[in-house]
Amino acid sequence: MYRIDQRSSVPVYEQLIRQIERSILSGELKDGSRLPSIRELASSLRINPNTVAKSYRQLEVEGLVRSRKGLGIFVSTDEVDLDGSRRRYFVQLTEEYLRKARSLGLDDDEILEGLSGMIGEDG
Amino acid sequence: MIRIESLSFAYGRKRIIRNLDLDLRSGETVMITGPNAAGKSTLLRLMAGVLKPSEGRIDYGFPEGTDPRSRIAFLPDSLSFYGSMTPNEVAGFHAGFFGTEPSGLQVARRAGVDLNRRIEDLSLGQKVIVQLSIVLSTDPDIVLIDEVLHAVDPYLRGLMFQELIGVMEERDPTVVMINLNFSEVENLVDRVIFMGRDGVRLDERVDDLKAHARLLESGLEPVDAEVLLAREVLGRKQFVLYPCSGNDGVTTVGSRAMDLTEILTAFMEAEYDDRS
């Protein structure tokens with residue numbers, strides 16, 4: 001379900017947060033569904049349980065999940081602004097794209113040009 | 001916290017560990033790696049209390065009067081003891097010796113080991129499973145695992161990691177593992193200590209280490225960067241940059257992040273380059 005990119009310089013707990021956020025934003029994980037337990041997820045991905053716990057804590061702070069004592073951790077989107085989160089995710093994706101495009105040595109005009117050309121083709 | 005102070009160890013006149021200082025936070029998961037004969041296993045045995053230091057000391061931070069060995073799960077690289085006993089007998093013996101509950105040997109049972117067969121008649125992998133099963137069942141505060149997993153097939157290794165992760169989740173022990181197969185524990189460890197022949201060569205948190213190492217394979221010469229290693233691959237120059245900030249535009253053009261295996265392989269190469 002989730003995948004860790006070893007070559008990424010993004011820390012593992014953040015990769016996990018982003019992937020869970022994405023599944024929630026895309027509707028793949030619905031309001032009220034239970035996330036795997038810390039032990040289950042840590043075992044299946046072979047990652048440190050503290051890392052999973054850290055991701056879950058952060059998701060809880062963001063208001064995307066809620067832990068219920070003894071029952072587990074559940075997706076809870078009733079109080080969050082999903083559109084706001086979608087926009088923030090879009091900004092993240094765009095930043096990532098820009099960083100990669102710039103690392104190829106493209107300047108901003110070239111990046112814009114390439115992008116609008118593609119959108120034109122797409123639409 | 002475990003505090004290791006000015007630790008030295010010698011076999012006769014041969015110095016294996018020289019004046020080592022190290023602090024391990026409690027709950028931390030640490031990988032020790034490095035070339036052969038760097039003293040990794042010796043350090044682990046010293047931490048396990050199986051060897052006595054020639055100089056220096058290890059403070060485990062346990063309450064006064066605690067025998068550290070009763071709080072430590074140690075999986076050594078030599079598993080030859082208790083050869084004529086069965087796993088069930090060893091579990092009982094171990095429990096008596098350490099004053100802990102007898103092990104249920106659940107992992108070993110799940111791995112299909114016959115618990116009434118003599119240990120010397122088990123395969124190497126099964127011996128490792130039995131021993132791990134016993135030491136992890138003692139509710140340890142500290143888990144020390146030497147490089148023994150290579151003897152175990154991938155399925156059983158998976159079981160062992162599950163068991164270890166379970167203990168980590170339940171008790172949050174300090175874990176120190178010696179590993180030469182980096183990718184297997186890449187996301188399990190918080191911190192890497194690379195022991196070279198002349199002592200600790202690298203000691204960094206994994207996240208920081210990954211942020212500080214980059215591979216330049218564009219063929220360009222690095223500018224303003226610390227070069228850990230220069231090598232030629234398929235006729236093309238490659239540079240492993242360490243430490244570098246990663247945000248530094250000059251050093252990062254044409255360079256990429258590296259996974260832990262690549263980084264530590266580079267340290268290993270650099271270690272052998274220095275010797276030749």
Side-chain angles (χ1 to χ4, degrees), chain A residues 1-20 34-60 67 69-73 92 95-108 110-111, chain B residues 25-31 154 157-175 177 182-191 205-215 218 220 244-247 249 251-264:
Chain A
M1 178 165 55
Y2 302 111
R3 248 193 84 254
I4 302 302
D5 178 3
Q6 308 292 7
R7 281 205 180 156
S8 169
S9 43
V10 178
V12 175
Y13 83 94
E14 245 179 83
Q15 293 191 33
L16 211 53
I17 290 174
R18 287 186 194 177
Q19 289 180 42
I20 295 172
R34 195 176 78 89
L35 293 183
S37 73
I38 291 174
R39 188 187 288 213
E40 282 166 349
L41 193 53
S43 290
S44 74
L45 296 174
R46 203 174 285 175
I47 62 185
N48 196 307
N50 291 324
T51 306
V52 181
K54 191 173 174 183
S55 309
Y56 281 7
R57 272 200 305 278
Q58 181 62 35
L59 286 164
E60 199 166 0
S67 75
K69 267 242 148 38
L71 291 174
I73 293 155
Q92 250 176 39
E95 279 169 356
E96 205 175 301
Y97 165 79
L98 271 180
R99 204 170 41 245
K100 283 183 179 160
R102 284 183 180 138
S103 78
L104 293 174
L106 298 179
D107 66 29
D108 290 358
E110 289 171 304
I111 294 172
Chain B
R25 278 191 304 109
S26 80
E28 196 168 36
T29 304
V30 183
M31 178 207 303
R157 267 204 315 268
L159 278 187
M160 294 176 47
F161 276 115
Q162 268 182 32
E163 196 64 17
L164 177 62
I165 287 170
V167 171
M168 284 166 71
E169 201 256 331
E170 219 170 278
R171 294 194 53 84
D172 205 20
T174 306
V175 181
M177 288 186 282
F182 314 123
S183 61
E184 202 162 65
V185 293
E186 177 147 29
N187 299 321
L188 220 48
V189 297
D190 304 307
R191 174 176 166 191
R205 295 186 53 77
V206 173
D207 287 345
D208 295 333
L209 176 59
K210 280 180 160 180
H212 292 159
R214 296 194 67 89
L215 181 68
S218 60
L220 300 171
C244 66
S245 77
N247 296 320
T251 57
T252 56
V253 170
S255 72
R256 65 162 174 83
M258 301 168 77
D259 63 35
L260 195 60
T261 303
E262 292 176 307
I263 297 169
L264 293 176

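Just so it is clear: chains get the letters A, B, ... in the order the sequence lines come, proteins before strands, and each one is counted from 1. Quick caveat: nothing in here was measured; it's all calculated off a predicted structure.
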Minimum heavy-atom separation for [X] and [Y], please, with both atom names.
X       : Y       : result
D207(B) : P11(A)  : OD2-CB, 3.7 Å
R46(A)  : N187(B) : O-CB, 3.8 Å
D190(B) : N48(A)  : OD1-ND2, 3.6 Å

So how far is it from [X] [atom1] to [Y] [atom2], rounded to the nearest 0.5 Å?
X       : Y       : atom1 : atom2 : answer
L260(B) : R7(A)   : CG    : CZ    : 12.5 Å
I38(A)  : M168(B) : CD1   : CE    : 12.0 Å
L41(A)  : I165(B) : CG    : CD1   : 10.0 Å

Measuring heavy-atom distances to chain A, does [X] have an atom under 4.5 Å in its side chain, in its backbone, in both, or in neither?
X       : value
Q162(B) : both
E262(B) : side chain
M258(B) : backbone

If the condition is side chain to side chain contact (heavy atoms under 4.5 Å, CB included), which residues does R39(A) pass it with, not counting sequence neighbours?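 So R39(A) forms a side chain to side chain contact (heavy atoms under 4.5 Å, CB included) with S37(A), S43(A), E169(B), E170(B).
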Per-residue tally against chain B (heavy atom, under 4.5 Å) across D5(A), V12(A), N50(A) peaks at N50(A)
